[in-house]
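Throughout, protein chains are lettered first and strands after them, A, B, ... in sequence-line order, and every chain is numbered starting at 1. All values derive from a computational prediction rather than experimental measurement.
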Number of protein chains: 2
Amino acid sequence: MNKRQASQRPTLRTIAQMSGLAVTTVSRALADDPHIAQDTREKVRKLADEVGYAPDRAAQRLRTGKTNVISLILNPHDEILGFGTSIIRGITAALRGTPYHLVVMPDFADSEPMEQVSRIVRNHLADGVIFSRTEPDDARIRYLLEMGFPFISHGRSELATPHPFVDYDNYAFARQATERLIAAGSVRPAILLPPRRFTFANHQLHGFMSAVREHGVAHEILTDITLDSPGEQIEARLLARLGLPGAPDGLVCAGEVSGLAAIAAAVDSGLVPGRDFHIVVKQTSTLFSHVRPRVASIYEDLTEAGEHMGHFILRRIAGEPAEALQFLQVPPDPAETPGDTTTRAPF
Amino acid sequence: MNKRQASQRPTLRTIAQMSGLAVTTVSRALADDPHIAQDTREKVRKLADEVGYAPDRAAQRLRTGKTNVISLILNPHDEILGFGTSIIRGITAALRGTPYHLVVMPDFADSEPMEQVSRIVRNHLADGVIFSRTEPDDARIRYLLEMGFPFISHGRSELATPHPFVDYDNYAFARQATERLIAAGSVRPAILLPPRRFTFANHQLHGFMSAVREHGVAHEILTDITLDSPGEQIEARLLARLGLPGAPDGLVCAGEVSGLAAIAAAVDSGLVPGRDFHIVVKQTSTLFSHVRPRVASIYEDLTEAGEHMGHFILRRIAGEPAEALQFLQVPPDPAETPGDTTTRAPF
DNA sequence: CCCCCAATTTGTAACGTTACAAATACGGTC
DNA sequence: GACCGTATTTGTAACGTTACAAATTGGGGG
């Protein structure tokens, strides 16, 4: 069915025959090689436009060994609330005007996280890879470092060898969030953590612990559920917990769906969010600006993170050392918006 | 015996030299060609696994003209709430066990919708393409039909030539949603439509009009905003509208973020959702199960849609006619869950 | 008028794979 | 022992591109 298209597709040879030039000359003319006469370049370019020539990516790849592709491995947990959208927007912006294109590869839990990465390297599907959900001893990072394959992780590992990354300061986030809870009157704040295997789970835990210790309040680390748990499960678990003695009166919750679930659990327990039960969420989309009652939030700018990662991966491919390609995003300083309980996103 | 090859990526030649077989034989052995002796096939396969051989996709593409890639063009509006995730999950499931891989190409509004599609065709980046946000006279569909390039659209066009699609019955959705509003006591239902250029905007409009006419109630079609408008804008517009005389007392709203915005506007107007103001949303994720007060919803199973699209695109590539590859998803029948105001998702 | 240099252009080979035609080996038949 | 058929393997070419080396021009200087 695409035979017609195949026979029609112009190649360098087509242009060479039409112009009477050699294939090589056409190739170099289109590459704007200064060794080729100016008017030859123009003539070839015009001819190419006329016939709608587009280089065959597969052939270019085979010959040059470059794919001109940056691969983003996206986990459904990430994507659920605009993580994907925002980060993709940022990377796309960074890649604009370069020959590179972004390709998103979905990674569902049933396949090992390594599998996607090693497939990309082994089958040569991209020149660089970006991924998230980094672990302290991350197998993907170890592998990629060993293979010398360019990558940027969203999140840090704790490996000895330095590697490029873009991360959000989840320690500062959790610390600030907890302090806001305490300032609002919480005397027994709790935190809902990401799965413990991720580096940023520890960061959040430490930020939380640092704040509760400093203020000498009781605290609770929610068990059995994580930010990745299904919303229903989070809601049910919280509902159960709030009905028992010594229940928390505040929650730090770095996810939007889980934030909604927490509000639902509080409401269903007869508590009034903002009065009996305080919540601080991490905001990565505009979603929470529509939630009533209003809930305090701290913003994480994923588009900015994506832009950094896009620029970093290009520089990494160009050979820059890992040490120069590390960036830690800090949450917006609440002191700068003193009259507001919510750190607003600049939408 | 192997020299500098050791550090390089292994190719067919590597295995050929190691085994003493010809490159062709190795190629065919790995393809499980029955012309090759069974034990040769096994030996080659074992050797390939040992050296970690993976075929070079670029070379395969160049030689065979097949990319083994299905491209999904994803618009940020789609992705905002799990559209991407769900549909990707479905397509991935459909492609499992085939040589095809899904590649997601983000499409931001600043580039023409056509641009991505024509790049995929011209540069031969995929064997088939899936996209959404279909228009009655859709330029992408016209182009792809003309080029004979396999595609599946999410949504129908109104072109004369039949084409493969998977669609959700938005007429039935809007009709049912409106009837639920009326049954709940709404005497002046309103609807927030998608941008009018999309086919499914008309479908929803007709479903809505059909229901309000049949029941002889007043109605309102919200202007100035669409389901694609920023949440803030939707909230502000609704808030303004609810303060004026003759305000609607119900809303059909086929989006989750906009549904939240509508609830916020109602609450901020002093209305009690579910009593003074009725809302029916389209539910594509678990999000709304956490929203309080609870809101009626009708489910659209995007994972199922994705699975259909995945199977369809493979069959289309295999040459099946368009007429055999058309599927209309119907919303779950409310009669089947009589005691419930909400059509629940099977999560 | 020849030689040489710079400016252009050209030819050849190769990237890794597979389609196709051809070659080889091995029994079994007559 | 020559012949044939089947099973298996091999060699050659090509997909479209670019790197590299070589060839071809056109002047300008001697």
Could you list all N or O pairs between the protein and nucleotides 13-15 of chain C that sit under 3.5 Å apart?
| unit_1 | atom_1 | unit_2 | atom_2 | d |
| --- | --- | --- | --- | --- |
| C:dA14 | N3 | A:Arg63 | NH1 | 3.1 |
| C:dC15 | O2 | A:Arg63 | N | 3.4 |

For the residue pair [X] and [Y], establish whether any side-chain heavy-atom pair is separated by less than 4.5 Å.
| X | Y | value |
| --- | --- | --- |
| B:Ile73 | B:Val117 | yes |
| A:Leu144 | A:Met147 | no |
| B:Ile70 | B:Ile130 | yes |
| A:Phe200 | A:His154 | no |

Can you tell me the distance, in whole Å, between the [atom1] atom of [X] and the [atom2] atom of [N]?
| X | N | atom1 | atom2 | value |
| --- | --- | --- | --- | --- |
| B:Arg61 | C:dA19 | CZ | C1' | 20 Å |
| A:Arg41 | C:dA7 | CZ | C1' | 12 Å |
| A:Lys66 | C:dG16 | NZ | C1' | 19 Å |
| B:Arg57 | C:dT17 | CZ | P | 12 Å |
| A:Glu42 | C:dT8 | CD | P | 13 Å |

Legend entry - Any B:Gln60 side-chain N or O less than 4.0 Å from OP1/OP2 of C:dG16: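 For B:Gln60, the contact criterion (side-chain N or O under 4.0 Å from OP1 or OP2 of C:dG16) is not met.
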
Inset, instruction - Look at the rings of B:Phe312 and B:Phe327 and say which category their plane angle falls in: under 30° parallel, 30 to 60° tilted, over 60° perpendicular. - result: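 Rings of B:Phe312 and B:Phe327: perpendicular, over 60°.
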
What pair of heavy atoms forms the shortest contact from [X] to [Y], and how long is it?
| X | Y | answer |
| --- | --- | --- |
| B:Ser19 | B:Leu47 | CB-CD2, 3.7 Å |
| B:Thr25 | B:Ile36 | CG2-CD1, 4.0 Å |
| B:Leu125 | B:Thr67 | C-CG2, 4.1 Å |
| A:Leu62 | B:Ala58 | N-CB, 3.9 Å |
| A:Glu307 | A:Ala94 | O-CB, 3.6 Å |

Inset, instruction - Output the residues of residues 23-38 of chain B in contact with DNA chain D, where contact means a heavy atom of the residue under 4.0 Å from an atom of the strand; sort by number or write none. - result: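 Contacts with DNA chain D under 4.0 Å: B:Thr24, B:Thr25, B:Arg28, B:His35, B:Ile36, B:Ala37.
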
Legend entry - Terminal axes of the helix from C:dC1-D:dG30 to C:dC30-D:dG1 (five pairs each): angle between them, nearest 10 degrees: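 Between the first-five-pair axis and the last-five-pair axis there is 80°.
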
Inset, instruction - Please determine, by modelled atom types, if A:Ser157 and A:Asp138 share a side-chain donor-acceptor pair under 3.5 angstrom. - result: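 Per modelled atom types, A:Ser157 and A:Asp138 side chains form no pair under 3.5 Å.
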
